[in-house]
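Any value given below was found using the heavy atoms of this structure, including those in side chains, with hydrogens, waters and symmetry copies removed. Owing to the predicted nature of the structure, the values given are computational and were not obtained by experimental measurement. Below, chains carry the letters A, B, ... as their sequence lines are ordered, and counting in each starts from 1.
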Amino acid sequence: MRPQSVGWLFLAPTLFILFVFGVLPFIYVLVVGFFDWNSFAADPTPRFSGVNNYRELVFDTGYLMSLWNTLRFGVFAVVSEIILGYALAQLFMRNFPLKGFFRTIHTLPLMIAPVAVGATWRLMTVPGLGPIPYYLDKWFGIDFLISRYPQQAFFTTVVMDVWHWTPLVTLTLLAALSSMPKEPFEQAQIDGANRFQTFWYVTLPMLKPAILSAVFIRLMDAMRTVDEVWMLTGGGPGAATRYVGLYIWRVVFPKTDYGYGSAMSLITLYLTIVLCWLLYAGLVARRDLRRTE
Amino acid sequence: MMFGAAVAGLLVGAGEARADFWSDAAKGLEGTTIHGVSESTPPSNYVKDVLAPEFTKKTGIKVEFEATSWDQMYDKAIKDMEANTGIYDFVYIEQDIVYSYLARNFLVDITKSLAEKPNLKSPDFDPAMFTTFVNYFKNEGGDIFGVPMEAFIKVYLYRKDLFEDAKVKDAFKAKYGYDLAPAKTHQQYKDIADFFTAWGKDNGGEFWGSTVQAHTGHPASWYEFFESVAPTFGVYNWGIDPSKNYAASVANGGSMNSPESKKALEWWLSLLPDAPPESTASTWDEVAATFAAGRTAQGLVYGENAAWIATNDTKSKVVGKVGVALPPLEPGVLEAAESGKGYIGYYDGGAFGIPHSSKNKDAALLFLEFIAQPSVQADWAVAGSRITHQATYDDPKVVAQDAKTDGYYSLMKNDGRLFAGAPPYPFHAQVREATAPFFYQAITGELSASDALDQMAAAAEQELTKLGYRK
C-alpha cells in the first residue's frame, strides 16, 4: 500500500464522521430552507417556495432585532473576556501563594454545562432569594430586576457569559504567553522601552494569533448562545435578550416552522462567517499586506 | 376415594390459579424497559416515585421516567414523535396540545389497541370511571388516546388567616367601605391587592397584595392571561373564533382585541405593582412557591399545588392558613358559564399517551392501565391535588384532605364544570409564539394593553393564514 493510501485510510473515519454529522445535515438544512414546512399547518406536507423564506426574513423585525442584540452582546462579551482573560493570564504568569489553587478555581466555570450556568445565575438574580439583587439594593440602593428592566437583563447576560467563558481566553493566552521567547523582551529592555511600549510592540504582536483564535471562537459561540440565556431570562424582558440563537430556536421548535428556521440558520451562519472574515481582513490581512508592500 | 377427589380438586384449583392480572399480562415482557417523559409536577413525581416502582415490582417491566421542565417535555416528545425515533414509549399530553398531536396522528388509539389485544386489557380499566376530563383525550369516534393522569382547576387562593383577622378587616372596611372577603369581582380583587400591598409596607415585611404569573420571556404569562384572566372578563378561546374563519381581530369577527379583552389585560397589568418583584420572572411553579412562602395575600394558582401549599409544612409557610375560592368575575360571566356558553377559568391537566413511534407499545399499554386503577387514585389525589376518577372524591383519604385544603376537592367536584380546557386548536404553540412577543412587551410597559392586543390579533391572523387554517 502506498503511503498516500495509508494516510487516506487513517483519515477515513474522521472524514466519514464529518460527512455524516457535518456535511449531510448542512445540505439538509440548505434544502429545507427553500420549503414551506410546518408540521402543524393545515397541510403539513413540505412545499417548495423558492427564496420566499429568505425574502421574508429581510422584513422580519424580530429577526433583525435579535441580530442587532446578538451583535451588541458579542461585542460587549468578547471584548470584556479578552481584556479580563489577558489580565488574568498575566497574573497567572507570576508566582504567588496558592497560585495552582486559584488557577483551578478560575477554570471551574468552563466545566459547568451552559444550562446549569443559566439556572445558577437565575437563582442568584431572583428577587427575594438571590444574593445579587439583595446586595445591590443594600449597598448601592439599586433596584435590580432583570425580568423588568431590559438594560439590566442585557448586561447580566453579558456578565454571565464573561464569567463562564473568560477562563477559556485566560488558558489560551496563558499558553501563548508561556511559549513566548525571552529574547525580544530582553532586547526591548536594553532599548529602554517602557512597560506600555513593551506590551504594544512586543507582547501584543506575538499574542495576536492567540487573541484572534480566542476572538473567533468566542464570537462564534456568542452568535449561537441559547441555553444560558434561555434559562436566565427566556429572551426577555420583552425581546431584550432574545438573541438570534434563541429566536431561531423559538421558530424551529415551539413554532415548528422548519423552512423559515432553516433559512434563518443559514443566513446567521453566513453572517458569522462574514463577520469573522471582516475581522481577519481588518486585523491581519491588511497589516500583512502593508508589510509586503 | 374422597381423598383422591380432594387432591384432584386441589390440583385443578392450583392449575387454574393466577398470580394476578399484571404478572399474567406481562408474561414475555419482563425485563423490557419503557421510557416516558413528563413535566415535573407533584402528580408526575408521584408516578415516578411511587407508581412506576410498584408497576415494575408487579410486572418485571422497568420504567425509566423522565420528569423534566415543561419546555423540555414538549420539545423532547414532539421531536421524538416527529422523527419517529421511538425513544419514548409514553409521553405526557397536556390537555391543550392533544389536538395538535391528534392532527398529526402521533398517538396510539388506546381503545382500539385494547380491543385488539384482550389479554392486555385489565379488568379494572373502565373508561366510564373517569371524570368528564377524559373527553379531552378522545377522537370524534369516542376512542381514547390518552389516559388522564392529572386534572385540576386554577383556583383563587387567599390568606384565610389575614382575611379573618379582626384588625385587618376593620382597616379594610374603614378604607374601602365594605367587608373584606374573597373577591367576587375584579374591582374587589384590585382593592384587596392594593390594601395588602400597603399593609405589607406598613408592617415592614416582604408582603404584597397578589401573585401574578407574569414572566417577561416565558409562555406562562401568556397562558395566565388567555386561560385564567380573559375568560373571567368573558373572552373565551383566546379570542379566536373558528366559525368566523379563525378570526382573532374584532374587525374580522374575533375578540382577541375586543374592549373586554383590553379591559382584562389592563386589569391584569394593574396588579403588577401589587405583586412581589419576582412576579415578572414567575411561571406556574414560582407563583405557587411565592404563595407558599407567605409573600402574598391572594392569587390565581394552579390547583395541583393546592394540597402541598395547604398541608406540607416542610415546603409551605402557610399551612392551615389557605382559603380556596372561585376567581373574581365580571357581571354575567358566571351565568354564561352555568348555562354552558362560557367558562370562568382553566381546567388543566394531562394524560399519558403512547406515541406511534414507541417500540414497546404493549408494555406501555399495561403501564397506562396500571396508573388508571381505581385503587391507586386516592393516595395520588392526596399527594398531587389531582382527580381523574369520579369515585376518588368520596374516598375517605380525599375527604380528609379536602377539609385540610379548605374544600379544594369539593370545589373541583361541584364547580369544575364551570371551568374549561384549552380550545381544540391544532395550532396551539404556533399562535402562542406568534403573539407572545407583543404580550411580553405589554408586561414591560413597552406597549399599552390596547396596542399589544391589536398587534397580537393581527399576528395571530397572519400566523393562521400562513398555517393554512385561515383562508
Side-chain angles (χ1 to χ4, degrees), chain A residues 36-45 47 49 52-53 56 61-62 65-66 115 119 122-123 125-130 133-134 137 143-150 153 227 229-242 246-247 249-260, chain B residues 69 71-72 74-75 78-79 81-82 97 99-101 103-104 106 206 214-221 272 276-283 286 289-290 293 295 425-434 436-447 459 463-464 466-471:
Chain A
D36 266 346
W37 180 19
N38 192 319
S39 1
F40 293 102
D43 177 9
T45 325
R47 274 185 301 107
S49 61
N52 192 46
N53 287 324
E56 196 180 323
T61 49
M65 185 57 77
S66 74
V115 75
R122 184 171 177 191
L123 278 176
T125 52
V126 170
L129 179 71
Y134 176 78
D137 181 34
D143 178 20
F144 186 77
L145 189 52
I146 62 167
S147 57
R148 198 70 197 270
Y149 305 124
D227 27 18
V229 178
W230 169 249
M231 287 303 294
L232 181 64
T233 64
T241 58
R242 188 172 291 188
L246 204 52
Y247 191 80
W249 181 85
R250 280 186 178 278
V251 168
V252 174
F253 294 108
K255 275 185 86 176
T256 56
D257 196 343
Y258 302 130
Y260 191 47
Chain B
S69 70
D71 320 272
Q72 285 284 311
Y74 268 133
D75 190 24
I78 288 179
K79 271 194 261 183
M81 294 188 288
E82 179 80 46
I97 200 77
Y99 311 104
S100 304
Y101 289 180
R104 289 297 317 279
F106 276 165
E206 295 267 305
H215 198 297
T216 47
H218 189 281
S221 51
L272 287 173
E278 69 266 26
S279 296
T280 43
S282 290
T283 69
E286 287 86 2
T290 291
R295 287 166 68 80
Y425 299 152
F427 44 74
H428 186 99
Q430 289 67 30
V431 166
R432 185 195 72 217
E433 285 299 315
F438 306 107
F439 188 74
Y440 301 146
Q441 285 181 298
I443 302 173
T444 59
E446 292 167 71
L447 288 175
E463 184 66 20
L464 287 166
K466 191 177 174 185
L467 289 168
Y469 292 102
R470 187 174 162 75
K471 307 293 179 194

*For Glu286(B) and Thr283(B), test the side chains for any donor-to-acceptor distance below 3.5 angstrom and give the result as yes or no.*
yes
*Which atoms of Pro254(A) come close to chain B, meaning under 4.5 Å heavy atom to heavy atom: side chain ones, backbone ones, both, or neither?*
both
*asked:* Using side-chain heavy atoms (C-beta onward) and a distance below 4.5 Å, is Arg104(B) in contact with Glu82(B)?
replied: yes
*Answer with side chain, backbone, both or neither: which region of Phe144(A) has an atom nearer than 4.5 Å to a non-hydrogen atom of chain B?*
neither
*Mind checking whether Asp257(A) and Asp36(A) have side chains closer than 4.5 Å, heavy atoms only?*
no
*Under 4.5 Å from any heavy atom of chain A - which part of Ala103(B)*: neither
*Out of curiosity, Thr280(B) OG1 to Leu145(A) CG, how far, rounded to the nearest 0.5 Å?*
4.5 Å
*Quick one: does NZ or CZ of Lys466(B) land under 6.0 Å from the six-membered ring centre of Tyr260(A), within 45 degrees of the ring axis?*
yes
*Quick one: which of Pro219(B), Ala442(B), Ala281(B) has the most heavy-atom pairs under 4.5 Å with chain A, could you say?*
Ala281(B)
*Where on Tyr99(B) is there a heavy atom nearer than 4.5 Å to chain A: the side chain, the backbone, both, or neither?*
neither
*In terms of the angle between their ring planes, are His215(B) and His218(B) parallel, tilted or perpendicular, with boundaries placed at 30° and 60°?*
tilted
*What part of Thr233(A) is in contact with chain B, defined as an atom under 4.5 angstrom from a non-hydrogen atom: side chain, backbone, both or neither?*
backbone
*Using non-hydrogen atoms and a 4.5 Å limit, figure out which bit of Asp143(A) sits close to chain B: side chain, backbone, both or neither.*
neither
*Side chain, backbone, both or neither of Leu464(B) within contact of chain A (heavy atoms, under 4.5 Å)*: neither
*Reported OH-to-OG1 distance for the pair Tyr149(A) and Thr216(B), which is rounded to 0.5 angstrom*: 12.0 Å
_Largest heavy-atom contact set with chain A, pairs under 4.5 Å, which of Pro277(B), Ser69(B), Pro437(B)_ = Pro277(B)
*Find out whether Pro150(A) and Pro237(A) are in side-chain contact, i.e. whether some heavy atom of one side chain is under 4.5 Å from a heavy atom of the other.*
yes
*Side chain from CB out, backbone as N, CA, C, O: work out which of these in Glu278(B) comes under 4.5 Å of a heavy atom of chain A, or both, or neither.*
both
_Please identify, among Tyr469(B), Phe438(B), Tyr440(B), the residue contributing the most non-hydrogen atom pairs under 4.5 Å to chain A._
Tyr469(B)
